[in-house]
Amino acid sequence: MLKIFSLTAILEGISYLLLFGVGMPLKYLAQIREPNIYIGYAHGFLFIAYVALAAIFCIEKKWTLKRFIILFVAALLPFATFYIDKKYLKPLME
């Protein structure tokens with residue numbers, strides 16, 4: 001379960017960067033909408049999966065609501081899920 005959560009955190013972070021670093025400029029600067037649609041779908045799915053796994057993982061590990069809020073806010077900020085993976089998830093795998 002931890003490996004799946006860690007992978008989801010990384011993929012969610014990558015999809016976030018692709019959406020706002022590639023998809024949005026293509027949509028608004030080059031008037032190309034198609035990549036943004038598919039990247040947006042992938043990011044939406046990964047965002048929901050990340051938040052659901054964060055909730056499940058917090059319940060399993062008996063983590064506090066504060067820790068869940070940290071995990072949730074990380075999904076809203078660029079690069080933050082990479083930090084979460086390194087600080088919270090990787091040490092649990094060792």
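Treat the numbers as computed from the prediction; the structure is a model and nothing was measured.
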Student: Over 60° means perpendicular and under 30° means parallel, so classify the ring planes of F57 and W63, tilted if in between.
Tutor: perpendicular
Student: Transitively linked via ILVMFWY side-chain contacts under 4.5 Å: L92 with I84?
Tutor: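 In one cluster: yes.
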Student: Just jot down the ring-ring contact (aromatic ring centres under 6.0 Å, His included) partners of Y88, sequence neighbours excluded, or say none.
Tutor: none
Student: Under the side-chain hydrogen bond (donor to acceptor under 3.5 Å, both in side chains) test, which residues partner S15, sequence neighbours left out?
Tutor: H43
Student: Compare every heavy atom of A74 with every heavy atom of A80, then report the nearest pair and how far apart it is.
Tutor: CB-O, 3.2 Å
Student: What residues form a side-chain hydrogen bond (donor to acceptor under 3.5 Å, both in side chains) with D85, not counting sequence neighbours?
Tutor: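 For D85, the residues satisfying side-chain hydrogen bond (donor to acceptor under 3.5 Å, both in side chains) (neighbours in sequence not counted) are S6.
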Student: Measure from the side-chain N and O atoms of Y16 to the backbone N and O of L76, and report whether any donor-acceptor pair falls under 3.5 Å.
Tutor: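 It does hold such a pair.
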Student: In the structure I gave you, are the side-chain heavy atoms of F68 and I59 within less than 4.5 Å of one another anywhere?
Tutor: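 Side-chain contact under 4.5 Å: no.
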Student: Between side-chain atoms of residues 17-36 and protein atoms elsewhere (two or more places apart, or another chain), which donor-acceptor pairs fall under 3.5 Å?
Tutor:
{"unit_1": "Q31", "atom_1": "NE2", "unit_2": "Y28", "atom_2": "O", "d": "3.2"}

Student: Hey, quick one: are F72 and L77 part of the same hydrophobic cluster, counting side-chain heavy atoms closer than 4.5 Å, chains of contacts allowed?
Tutor: yes
Student: Identify each donor-acceptor pair in which a side-chain atom of residues 47-55 lies under 3.5 Å from a protein atom, sequence neighbours left out, and give them as a table.
Tutor:
{"unit_1": "Y50", "atom_1": "OH", "unit_2": "L71", "atom_2": "O", "d": "2.9"}

Student: Assigning hydrophobic clusters by single linkage (Ile, Leu, Val, Met, Phe, Trp, Tyr; side-chain heavy-atom cutoff under 4.5 Å), is I56 placed with L89?
Tutor: yes
Student: How would you list all residue pairs meeting salt bridge (Lys or Arg N to Asp or Glu O under 4.0 Å) that involve residues 42-67, not counting sequence neighbours?
Tutor: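 Salt bridge (Lys or Arg N to Asp or Glu O under 4.0 Å) check on residues 42-67 returns no pairs.
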Student: Check the hydrophobic clustering (I, L, V, M, F, W, Y; side-chain heavy atoms under 4.5 Å; chains of links allowed) and say if I70 and L2 are grouped together.
Tutor: yes
Student: Identify whether F5 and M1 are in the same connected component of the hydrophobic contact network (ILVMFWY, side-chain heavy atoms under 4.5 Å).
Tutor: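 As far as the 4.5 Å side-chain criterion goes, M1 and F5 are connected within one cluster.
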Student: Should we count CG of L7 as having more than 12 external heavy atoms under 6.0 Å?
Tutor: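 Correct, the count exceeds 12.
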